[in-house]
Colleague: 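Handing you a structure now.
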Amino acid sequence: MTGLIMVKTSEIIQKRKDKFDTLKQSKLQLFPNDFRVSHTVNEIKALVEKSPETLKADSPSFAVAGRMVAINRFGKTVFIRFRDRTGQLQAYIRKDQIGDEAYQLFKQLDVGDFVGLGGEMFQTKTGEWTLFVKELQLLCKTIRPLPEKFHGLKDPEKRYRQRYLDLIMNADARKLFVQRSRIIQEIRNFFLQHDFLEVETPMMQPIPGGAEAEPFITHHNALGMDLYLRIAPELYLKRLVVGGFERVFEINRSFRNEGISTQHNPEFTMLEFYQAYATFTDLMDLTEQLFSTVSLAVTGSTNISYQDDTIDLAGPWRRITLQKALVDIGGIDAALLKDKDALLNFAAQSGIQMTKTGRLGKVITKLFDAVVEPKLIQPTYITGYPVEVSPLSRRSDHEPEITDRFELFIGGREIANGFSELNDPVDQRERFSQQVESRTAGDQNAHLMDHDYIEALEYGMPPTAGEGIGIDRLVMLLTDADSIREVILFPHMKPRD
RNA sequence: GGGCCGUUAACUCAGUCGGUAGAGUAUCUGCCUUUUAAGCAGAGAGUCGCUGGUUCGAGCCCAGCACGGCCCA
């Protein structure tokens with residue numbers, strides 16, 4: 001027995017296992033795969049709606065399959081509810097219809113088992129359309145009992161670790177992940193309709209770039225080198241613009257080696273897109289269109305209710321500079337904004353902890369996160385980001401110390417980040433050099449020098465604007481979810497034991 | 001990293017002042033041929049997250065740890 005962990009099996013599961021063994025010994029196929037389905041539940045329901053008279057007169061036969069989610073047993077009859085991918089239907093089983101042998105078999109089945117059913121539709125006394133079962137076949141025997149049907153599965157830990165149980169038990173969870181799929185499909189359609197090309201770029205990168213974040217490190221044995229899981233696809237997508245793909249997008253999984261919270265999962269889904277001959281203001285217009293289109297398609301409205309707020313996604317959205325937002329929304333004296341020490345003083349007095357004391361631009365954006373961001377409930381574009389916090393953005397023609405960049409905030413959270421791309425390779429090299437200096441000075445997340453990317457720029461990237469949108473956060477917004485774990489099928493969890 | 005809360009039957013949850021562990025659903029047995037969380041009668045089911053401590057005695061008090069939730073950083 002050494003090395004074996006003795007797990008005490010609960011009574012209820014032990015009884016199921018005993019039943020399982022008994023059924024197996026009776027030569028019954030517990031896992032057949034020869035049942036053929038003629039209709040889904042929804043197809044049958046559509047026929048009920050469309051031509052109930054035909055169903056009554058002609059009694060056509062249906063073959064359906066699904067998981068039993070409820071069983072009401074009487075002496076010689078049974079009502080069951082079963083579910084396939086399209087919906088739920090009631091079936092009625094009578095001993096005098098399916099015969100003694102089949103009825104005895106059915107008595108051995110449990111909620112959760114899969115069955116194949118053949119029969120006709122009829123209406124019960126209460127008028128509910130129900131499948132009158134003529135033939136019945138077990139399609140999959142289960143050993144573990146499902147959670148109780150009335151209260152369902154509530155324990156968040158179990159819902160995340162065993163998402164399949166959440167999906168079986170909770171209609172809301174099923175609905176949410178269908179919504180997520182539709183949101184992503186709508187985004188894809190939108191960009192395809194706007195003549196963008198969908199591409200795939202490396203997830204394993206020799207130099208992680210495109211964002212300020214800590215990467216996961218992995219190792220390639222044959223090459224004998226470390227590689228990094230991407231923190232963003234940005235620098236590869238812009239290489240494609242250099243290559244002549246003037247409009248590209250990637251719905252990408254990216255990875256950041258940071259803390260886990262209701263807003264952060266180590267791997268997350270992002271949309272990035274790049275459009276040549278466009279500016280950051282063009283992308284602001286495009287994003288307003290995108291969100292309105294997706295929201296309308298998925299929720300039926302551009303007005304959504306999120307937590308305690310009603311959010312209007314129909315554009316145009318408010319556009320305001322970082323400086324003005326700090327003064328008007330954050331209540332900071334405009335005179336302080338040019339003075340780093342004065343700002344740090346203000347932060348200290350207001351009880352705002354400033355962990356990183358970088359340069360003025362860093363302090364300003366930190367302060368913004370604390371005093372302005374939570375107040376940006378309605379969609380708001382913030383513009384006028386300093387060059388030093390925007391190492392990949394084009395300088396403003398009017399004010400060289402700020403960039404042609406915006407961030408989008410909705411519901412008090414950053415949803416998107418976009419800018420006119422820096423396509424001057426000389427300026428880009430200088431920006432990277434400054435980042436490397438910051439890194440040497442202790443900023444772990446500052447960019448690394450990427451000579452290969454600069455070489456690409458030296459071959460010439462047309463004027464271009466690009467943007468990244470956090471898909472998980474967008475899904476949260478459109479599904480009224482308060483935690484990122486609610487919108488990711490298998491969120492990262494610490495292993496148990 | 002810090003604070004607060006949680007972890008008891010398969011699921012959802014009670015558990016008083018520290019005195020041998022409770023309910024509903026589910027399960028099992030019996031009855032029941034139109035139920036809607038079906039009903040009636042009966043039965044079984046627990047390493048009270050883990051490890052220590054205090055105590056005659058701990059689900060309950062104390063300490064540490066694990067996992068989870070919320071908030072803060």
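In what follows, every heavy atom counts, from backbone to side chain, and hydrogens, waters and symmetry copies are set aside. Just so it is clear: chains get the letters A, B, ... in the order the sequence lines come, proteins before strands, and each one is counted from 1.
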Colleague: Quick one: which of B:A38, B:C28, B:U36 gets closest to the side chain of A:T126?
Modeller: B:U36
Colleague: Is A:K141 salt-bridged to A:D110, going by a charged N under 4.0 Å from an acidic O?
Modeller: yes
Colleague: Write down the partner of B:U20 under the Watson-Crick or G-U wobble criteria, each distance required to be under 3.5 Å.
Modeller: none
Colleague: Rounded to the nearest Å, what distance is computed from the CG atom of residue A:L367 to the P atom of nucleotide B:A73?
Modeller: 13 Å
Colleague: Give the rounded distance in Å between these two atoms: CG of A:N265 and P of B:G68.
Modeller: 12 Å
Colleague: Is the distance between the ring centroids of A:F82 and A:F114 under 6.0 Å?
Modeller: no
Colleague: Of the candidate nucleotides B:G69, B:U35, B:U33, which contains the atom at the shortest distance from the side chain of A:K125?
Modeller: B:U35
Colleague: Between B:G3 and B:G44, how many Å separate the two C1' atoms, rounded to a whole number?
Modeller: 44 Å
Colleague: Scan every strand shown for a Watson-Crick or G-U wobble partner of B:A58, both distances under 3.5 Å, and answer none if you come up empty.
Modeller: none
Colleague: Measuring from the side chain of A:R161 (C-beta onward, heavy atoms only), which nucleotide among B:C28, B:A38, B:G68 has the closest atom?
Modeller: B:G68
Colleague: Between the side chain of A:D443 and the main-chain N/O of A:S438, is any donor-acceptor distance below 3.5 Å?
Modeller: no
Colleague: Provide the Watson-Crick or G-U wobble partner of B:U51, both distances under 3.5 Å; none if there is no partner.
Modeller: B:A63
Colleague: Are any of A:N72's side-chain N or O atoms less than 4.0 Å away from OP1 or OP2 of B:A38?
Modeller: yes
Colleague: Using a cut-off of strictly less than 4.0 Å, decide whether A:R73 has a side-chain nitrogen or oxygen near OP1 or OP2 of B:A38.
Modeller: no
Colleague: Measuring only the P atom in each nucleotide, how far is B:C65 from B:A9? A whole number of Å is fine.
Modeller: 25 Å
Colleague: Would you indicate, yes or no, if B:G69 has its OP1 or OP2 atom less than 4.0 angstrom from a side-chain nitrogen or oxygen of A:R485?
Modeller: yes
Colleague: How long is the line joining NZ of A:K19 and P of B:G44, in whole Å?
Modeller: 20 Å
Colleague: Write down the distance between CH2 (A:W129) and P (B:U36), rounded to a whole number of angstrom.
Modeller: 21 Å
Colleague: Sticking with atom C1', work out how far B:A14 lies from B:A23, rounded to a whole angstrom.
Modeller: 7 Å
Colleague: Could you give the CE-to-P distance, from A:M169 to B:A37, as a whole number of Å?
Modeller: 15 Å
Colleague: Without decimals, in angstroms, what is the distance between A:Q263 CD and B:C70 P?
Modeller: 10 Å
Colleague: Base, sugar-phosphate, or nothing for A:F132, non-hydrogen atoms under 4.0 angstrom?
Modeller: nothing
Colleague: Could you work out the separation of B:C72 and B:A63 based on their P atoms and round it to a whole Å?
Modeller: 26 Å
Colleague: Can you check the A:Q14 CD to B:G46 P distance for me, whole Å?
Modeller: 12 Å
Colleague: If we take the P atom in both B:G30 and B:U47, what is their distance in whole Å?
Modeller: 28 Å
Colleague: Taking the P atom of each, how far is B:G24 from B:A43, in whole Å?
Modeller: 12 Å
Colleague: Hey, which sits more toward the 5' end of RNA chain B by its nearest nucleotide, A:S261 or A:T124?
Modeller: A:T124
Colleague: Do we see A:F79 stacking on the base of B:U35, given a limit of 5.5 Å between centres and 30° between planes?
Modeller: yes
Colleague: If a pair satisfies salt bridge (charged side-chain N to carboxylate O under 4.0 Å, His left out) and one of its residues is in residues 72-82 of chain A, list it, with sequence neighbours excluded.
Modeller: A:R81-A:E128
Colleague: What is the distance, rounded to the nearest whole Å, between atom CG of A:D110 and atom C1' of B:U25?
Modeller: 15 Å
Colleague: In the strands shown, is B:G68 matched to any nucleotide by a Watson-Crick or G-U wobble pair with both distances under 3.5 Å, and which?
Modeller: B:C5
Colleague: Could you check whether A:R405 makes a cation-pi contact with A:Y385, meaning its NZ or CZ is under 6.0 Å from the centre of the six-membered ring and within 45° of the ring axis?
Modeller: yes
Colleague: Say you pick atom C1' in B:U12 and the same atom in B:G19; how far apart are they, in whole Å?
Modeller: 28 Å
Colleague: Under 3.5 Å, is there a donor on one side chain and an acceptor on the other for A:N303 and A:S301?
Modeller: no
Colleague: Does B:C67 have OP1 or OP2 sitting under 4.0 Å from an N or O in the side chain of A:K494?
Modeller: yes
Colleague: Please list, pair by pair, any protein nitrogen or oxygen found under 3.5 Å from a nitrogen or oxygen in nucleotides 10-13 of chain B.
Modeller:
| unit_1 | atom_1 | unit_2 | atom_2 | d |
| --- | --- | --- | --- | --- |
| B:C11 | OP1 | A:K158 | NZ | 2.4 |
| B:C11 | O2' | A:G152 | O | 2.8 |
| B:C11 | O2 | A:E148 | OE1 | 3.2 |
| B:U12 | OP1 | A:K154 | N | 3.2 |
| B:U12 | OP1 | A:D155 | N | 3.0 |

Colleague: Would you please name every residue forming a side chain to side chain contact (heavy atoms under 4.5 Å, CB included) with A:F31, sequence neighbours left out?
Modeller: A:F20, A:C140
Colleague: Verify the contact: side-chain N or O of A:K149 to OP1 or OP2 of B:A38, cut-off strictly under 4.0 Å; return yes or no.
Modeller: yes
Colleague: Without swapping roles, check the side chain of A:D480 against the backbone of A:Q307 for a donor-acceptor pair under 3.5 Å.
Modeller: yes
Colleague: For the residue pair A:Q90 / A:T130, report whether a side-chain donor-acceptor contact shorter than 3.5 Å exists.
Modeller: yes
Colleague: Specify the residue among A:F150 and A:P156 whose closest nucleotide of RNA chain B lies further upstream toward the 5′ end.
Modeller: A:F150
Colleague: Could you give the distance separating B:A21 and B:C67 at their C1' atoms, to the nearest angstrom?
Modeller: 24 Å
Colleague: Check this for me: does the side-chain of A:E157 come within 3.5 Å of the base of B:U7 through a donor and an acceptor?
Modeller: no
Colleague: Hunt down the Watson-Crick or G-U wobble partner of B:U34, both distances under 3.5 Å, from any strand shown, or write none.
Modeller: none
Colleague: Need one value for A:T262: base, sugar-phosphate or nothing, where a base atom within 4.0 Å counts as base even if backbone is also close, heavy atoms only.
Modeller: sugar-phosphate
Colleague: Would you find a donor on one side and an acceptor on the other, under 3.5 Å apart, between the side chain of A:R431 and the backbone of A:S390?
Modeller: yes
